[in-house]
Amino acid sequence: MNNILSAVLVLGIMGAVFGAVLAIASKVFAVKVDERLPLLKEALPGANCGGCGYAGCQAYAQAVLEGKAEIGLCAAGGAEASQKMAQIMGVEAEAFERKVAMVKCRGHNHSFKGEYEGIPDCRSAMFVTGDGPSACPNGCLGFGTCVSVCKFDAIHIEKGVARVDADKCTGCMQCVEACPRKVIVPVTYNTDIVIACSNLARGAYTRQVCDVGCVGCHLCEKQCEYDAIHVLNNLAVIDYSKCVSCGRCAAVCPRRLISDFNLRTDMDAAPL
Amino acid sequence: MNLFLSLFSISLSAILAENFILVKFLGICPFMGVSKKSDTAIGMGVAVTFVMGLASAATWAVDHYLLAPLELGYMQTVVFILVIAALVQLVEMFLQKAMPALYQALGIYLPLITTNCAVLGVALLNIQNGYSFIESVVYGVMGGVGFTLAIVLFSSVRERLEDCDCPKCFKGFPIALIAAGLLALSFMGFSGFKVF
């Protein structure tokens, strides 16, 4: 009986003492947290993608609170998140333009300098083979480094080339950062005219190694009435401040590499 | 000199021959859970080392000055859980106030450790082995060092596994479990030695 009593007493007293100590400690060591912080965190999507340049949503919310970061850096949350955050912080939200990632390469049929059988990762392939195993110096390698960094399941390898699902893409641009060849670029969602090629090699060489690479033929440039498309360094480049999306360059391109932002139109059409 | 020798042998056995994870199989949960990246593994290791050292000291004192005189040895497990949980909570609050940088670094790992069986294990083993206070603390800290060693080694193995071309059905946890088994096998090699 005595034994049970002492056991119960010891445990009970210890529990009470610890409870009291913790209660006092929580008062003594209390840290003030700004009440807007949890609200800001709630406004963010919580994917911790790092697209804003901070370690995660918590870190970004903290930075906004301290005035170190601007509102509207969160690509994944989009207009909705920046509006909510602006409301919490009591400032006007700026217009939000949705950006998505796009792979500037149509890639199929491209030939290889040699066979690469190492770690299936673009960065490793670039490192081991000296600028990559593909004959095209700028095209997508298709080992899927971008796929592994995407937290939203929005980029996949199809027919040997990375392809962004623009509806799933939140624009965090982790793939843009990860791509060792810089083939992936940010584009405005719903852009009608994009160039699906990054190749800067001369036309004659491009013609040999790729069926769908820009050969710098200047046909698009001649066709454009608005002076909005130019061939620079053997590659067509669009000036979006002048482009009106008339689509005449797309119609005339012999390699069918001018497309809309989703790269869905004419993807499988044979080159002219 | 004798104390030094016994401490040395305790350290060696805690780190290698009786490694908490790979030989005693205590604390497997964080070993599998937080070993995907080397830097988080190091963070977890440091936090565990810290808590194991602290818990060894506190539980030894509780056992010798409270449980032993009252002949309540059979209550060790429940009392130690209580002591460790309260201790970790207290330390967490203290760190948040006094050392925010360290608190950030240890982050979510501290509360995770509260109910870790490696921590409870070291407290119980200290009493079972009849260690003195200093020996207990050294055993706790070195057990934590052994934990860190194992988890860091394993995390670098797992980072490699990420890039490996392994069969689809083995991807992720299955291959990690196999790798953990092989690592444990290799640590079994140390247990043949007798130090002093």
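Hydrogens, waters and symmetry mates are skipped; everything else that's a heavy atom, side chains included, is used.
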- Rounded to the nearest 0.5 Å, how far does CD1 of A/Ile119 lie from CZ of B/Arg160? 7.5 Å
- Would you find more than 12 non-hydrogen atoms of other residues, nucleotides or ligands less than 6.0 Å from A/Lys168 atom NZ? yes
- Message: If you count every heavy atom of other residues, nucleotides or ligands that lies below 6.0 Å from A/Leu9 atom CG, does the total exceed 12?
- Response: yes
- Message: Looking at every non-hydrogen atom in both residues, tell me the closest pair between A/Ser6 and B/Leu72 and how far apart they are.
- Response: OG-CD2, 3.9 Å
- Item | B/Val83 vs A/Phe18, side-chain contact (heavy atoms from CB on, under 4.5 Å): CA-CA, chis, key distance, verdict | CA-CA 8 Å; B/Val83 171; A/Phe18 285 146; 3.9 Å; yes
- Task: Using the side-chain contact (heavy atoms from CB on, under 4.5 Å) rule, take B/Glu71 and A/Asn3 through it: C-alpha gap first, then chi angles, then the decisive distance, then the call.
- Result: CA-CA 9 Å; B/Glu71 292 175 354; A/Asn3 230 341; 5.7 Å; no
- Query: Does any heavy atom of chain A fall under 4.5 Å from the side chain of B/Met93, the backbone, both, or neither of them?
  - Reply: both
- Query: Around B/Tyr65, counting heavy atoms of other residues, nucleotides and ligands shown, do more than 12 lie under 6.0 Å from its OH?
  - Reply: no
- Message: Looking at A/Glu117, I want to see if its CD is surrounded by more than 12 non-hydrogen atoms of other residues, nucleotides or ligands under 6.0 Å.
- Response: no
- Side chain, backbone, both or neither: which part of B/Leu87 has an atom under 4.5 Å from a heavy atom of chain A? neither
- Item | Structural part of B/Leu82 lying under 4.5 Å from a heavy atom of chain A | both
- Assert top hit (heavy-atom pairs under 4.5 Å, partner chain B, pool A/Val28, A/Val21, A/Leu11, A/Asp121) equals A/Leu11
- Of the non-hydrogen atoms in B/Leu90 and A/Ala25, which two are nearest, and what is the gap between them? CD1-CB, 3.4 Å
